[in-house]
Amino acid sequence: MIYLDHAATSMHKPPQVYRAVLDAMRSCASLGRSGHEAALRAAEVAFSCRKKAAELFDAKPEQVVFTSNATHGLNIAIRSLVEPGDRVVVSGFEHSAVIRPLCHIGANIAAAGKKLFDPKDTLDAFRQAITPDTKAVICTHVSNVFGYILPVREIAELCAKGRIPFVLDAAQSAGVLPVSLRDLRAAFIAMPGHKGLLGPQGTGLLICGQLPKPLLAGGTGSNSLDENMPDFLPDIAEVGTHNVPGIAGLSAGLSWLQSVGIDAVRQKEARLLQCLESELQELRCLQYFYGGTDRQTAVLSFQVDKTDCETVAQKLAEAGIAVRAGLHCAPLAHKSAGTLKEGTVRVSMSAENTESDIAALIENLKQILP
Amino acid sequence: MDAYYFTFQSMTQAQTAAAALQRHGYSAIFMRAPKRISMTGCGYAVQIRLTDIYSALSVLGNSAMIPKKIFRSAGNGDVTEVFL
């Protein structure tokens, strides 16, 4: 299979990730509960993961909260900051992981910036949308549909000046672009462990610039006499038994990233994006959305004339090429780009892909084009 | 040398403190806090044997890790809280 669906999840992990998961399943008990060897080993695995994440994202270990995915982290962040009726500014490219919790709470959502690959327009839109009564700004770093890299550093600066909490959805940027809690002065940064960080599914990180409110309440292995949840990180946001094998795998993924370097990943992905674009421009009856490697990660959406996007994806799947079609859990992004009615086919590459993967995609697309 | 327990409000803080002390050459052991010193019911502590508690605390202070409480352990198992 040629896997071009990395925006959904990373399929092939570095070998040490599999080993770490298996080792943890065999030798680690639950962390934060007991004092025996297997429990302390689990505690060390978790601490090691927190330290690596803290180094990567410019935070302290206790600011690193383990979640089950980015959506979980975003829900913690949103519930910590937003009350019913609060004004919240988001970008025009947000995922349902942001929009749905806000709708569920009954927030007053203002979407700013709907022009693809236009950071200036996006920033201007945020500048206009952020008003004194804005309770929070939540912004995706990279659109999961189009790969558009939003100007989050500048948006974060606007928030800092206005003393408005800033939440970054780093689902598509963690492990691909630099993400810094310190530099962004973010309230929260949410990310999955299983995409760019190359950990297993069922893992995620919430990097906390401020104390969150508990989303769930339960046992934490700390302050047991107190019937209330602990009021300190990370315990306030971590209840129940941890996914220790997942955390072990995530830790191994982080180690791999640290050894390779995010810059190297980014450069490889940029080359792949350029290669894909240069091939797509030769095809007729196909429209694609491209902003250049400085404004786009290795995620690219396209539409084929008079052909349902799901049909295109299905035919590619039958040829052993994995992509995703439809609305990608981001109807707002499609609305902004004008692709809501038809949806798109999304190709999302990673540093593991090669130019021959792209060549195979193009060859098969030629068979599908009308 | 006396044995001391430094307790912290979270397991992660205790781990961070143990790592910092180990980097400075102390034999610091991250462990479950003995029940008799766990004021909040359950917790983790750093056990450390030393003659000079102030130098160890200085290491922790430089990293903004202040123990919640400090206990000294006598050879017979009794622990007493240390107030500095």
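Since the structure is predicted, the reported quantities are computational estimates derived from the model, not experimental observations. Below, chain A is the first sequence line, B the second, and so on; all start at residue 1.
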Proximity of residues 212-222 of chain A to chain B, residues having a non-hydrogen atom under 4.5 angstrom: Gly221(A), Ser222(A)
Which residues in residues 52-59 of chain A have any heavy atom closer than 4.5 Å to a heavy atom of chain B? none
Where does Asn223(A) contact chain B at under 4.5 Å (heavy atoms): side chain, backbone, both or neither? both
Tell me, yes or no, whether the heavy-atom count around Glu37(A) atom CD, taken from other residues, nucleotides or ligands under 6.0 Å, exceeds 12. no
Is it the case that more than 12 heavy atoms not belonging to Arg153(A) sit under 6.0 Å from its CZ atom? no
Answer yes or no: is there a donor N or O on one side and an acceptor on the other, between the side chain of Arg32(B) and the main chain of Arg33(A), under 3.5 Å? yes
Using the rule given for side-chain contact (heavy atoms from CB on, under 4.5 Å), can you reason through Leu31(A) versus Met11(B), listing the C-alpha separation, both sets of side-chain angles and the distance that settles it, and then say yes or no? CA-CA 9 Å; Leu31(A) 71 101; Met11(B) 180 183 74; 3.2 Å; yes
Between Val64(A), Asp226(A), Leu225(A), the one whose heavy-atom pairs under 4.5 Å with chain B are most numerous: Leu225(A)
d(Thr12(B) OG1, Leu233(A) CG) to nearest 0.5 Å is 9.0 Å
Taking every non-hydrogen atom, the tightest pair across Tyr44(B) and Ser34(A): OH-O, 3.1 Å
Has Gln15(B) got a side-chain atom pairing as donor or acceptor with Ala43(A)'s backbone, closer than 3.5 angstrom? yes
What part of Ala33(B) is in contact with chain A, defined as an atom under 4.5 angstrom from a non-hydrogen atom: side chain, backbone, both or neither? neither
